[in-house]
Student: 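Submitted below is the structure of interest, expressed as structure tokens.
Here the structure is a predicted model, which is why all the values come from computation and not from measurement. Hydrogens, waters and symmetry mates play no part in the numbers below; they use all other heavy atoms, side chains included.
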Amino acid sequence: KALNEISGSGKVLYFPPGTYKTFMLKFKSNSHIYLDKNSRILADPTSLSPYVSSEKRGLESFILIKDVKNLEISGLGIIDGNGTQILSKYFNELSTIVQNHSAGIRLLLIYRSQNIKFNGVLLKDSARWNTHILQSNNVSFNRCKLLNNPNESDLLGSLDGWDPDSSKNILIENSFGWAGDDAVAVKCTGKLNDQLKVRDAENIVIKGNVFLTKKSGLKIGTETFCSQVQNIVFENNDIIESDRVMGINVRDGAIVQDVIFRNNH
């Protein structure tokens with residue numbers, strides 16, 4: 001109710017210190033949400049079905065930002081996907097969801113949206129990819145923290161950090177990421193695609209970040225079902241741990257061009 005009422009009101013929806021347990025939330029257009037330093041929005045693990053959208057296969061997520069314009073989420077609070085608990089309870093069901101051509105239950109799915117800003121928040125413990133930016137435009141993350149469960153476990157699968165997917169004008173800067181899989185992977189998966197042609201990925205800047213990961217720190221691919229991936233900049237990032245610091249994996253035939261890896265350590 002609060003999310004609905006704040007949309008277009010010009011007011012800020014403020015989460016004071018405390019834990020707010022909930023199922024899937026759908027953020028709205030023309031909204032500003034502020035999470036206090038000691039506030040936590042926590043995914044409820046008592047049922048799996050609320051995270052599996054009846055609207056359209058592939059929207060499985062904890063926080064869904066779909067067809068949204070002009071949204072800002074700020075503050076030092078936490079969005080907690082409770083993925084470790086959810087995976088331990090529903091591992092077989094989640095495996096079936098992924099086999100049905102889904103990306104799984106992401107912590108945050110930004111889909112067909114534009115002008116989305118995240119500032120300062122902690123995105124924690126996803127059951128699958130943490131932050132999936134799909135077919136969206138003008139999305140930024142500044143001074144954010146991303147923390148997936150980095151421990152070895154048979155239950156933990158593809159725990160990517162940020163995945164800009166068939167999107168353009170994306171900025172991830174001055175942030176920290178600890179991922180079980182690729183820290184940042186620029187992709188064109190073709191998921192949720194309603195057109196014959198998969199949208200390109202272009203104008204994506206990853207700069208001034210600190211990453212730890214089990215896999216690739218700064219990556220293009222693996223899925224590249226679009227025509228072009230272009231104008232991608234990885235600059236001034238520190239990779240503390242990784243299996244591969246930098247990677248371009250063009251498995252599915254796109255042309256990758258105008259890519260800069262500059263001053264990464």
Student: Compute whether any side-chain donor of one residue and acceptor of the other, for S140 and N142, lie under 3.5 angstrom apart.
Tutor: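 No pair is found: no donor N or O on one side chain lies under 3.5 Å from an acceptor on the other.
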Student: Please work out which of the three classes, parallel, tilted or perpendicular, describes the rings of F118 and F141, given edges at 30° and 60°.
Tutor: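 F141 vs F118 ring planes: parallel.
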Student: Please test F62 against L123 for side chain to side chain contact (heavy atoms under 4.5 Å, CB included), starting from the C-alpha separation and ending with a verdict.
Tutor: CA-CA 11 Å; F62 175 38; L123 306 168; over 6 Å; no
Student: Please round to the nearest 0.5 Å and tell me the distance separating atom CD1 of I206 and atom CD of E235.
Tutor: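 Reported to 0.5 Å precision, the distance equals 11.5 Å.
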Student: Apply side chain to side chain contact (heavy atoms under 4.5 Å, CB included) to the pair Y51 and D44, showing each step before the final yes or no.
Tutor: CA-CA 10 Å; Y51 305 106; D44 190 329; 3.9 Å; yes
Student: Which residue, D182, D181, D163, D160, forms the salt bridge (Lys or Arg N to Asp or Glu O under 4.0 Å) with K219?
Tutor: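 It is D182; the other options fail the test.
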Student: In a check of side-chain contact (heavy atoms from CB on, under 4.5 Å) between S113 and each of I65, V139, I133, L64, which one passes?
Tutor: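 Considering I65, V139, I133, L64, a side-chain contact (heavy atoms from CB on, under 4.5 Å) with S113 is found only for I65.
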Student: Got a second to check how far K214's NZ is from E241's CD, nearest 0.5 Å?
Tutor: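 Result: 7.0 Å between the selected atoms.
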Student: Any chance you could measure I63, atom CD1, to I33, atom CD1, to the nearest 0.5 Å?
Tutor: 8.0 Å
Student: Which other residues belong to the hydrophobic cluster containing V12, where Ile, Leu, Val, Met, Phe, Trp and Tyr are joined when side-chain heavy atoms lie under 4.5 Å apart, directly or via other members?
Tutor: Y14, Y34
Student: Check which hydrophobic residues are tied to V198 through side-chain heavy-atom contacts below 4.5 Å, counting indirect links as well, and list them.
Tutor: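 Grouped by the 4.5 Å side-chain rule, F225 form the rest of the cluster around V198.
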Student: Indicate whether any N or O donor in one side chain lies under 3.5 Å from an N or O acceptor in the other, for R244 and S216.
Tutor: yes
Student: Please test V68 against K26 for side chain to side chain contact (heavy atoms under 4.5 Å, CB included), starting from the C-alpha separation and ending with a verdict.
Tutor: CA-CA 10 Å; V68 167; K26 299 180 180 180; over 6 Å; no
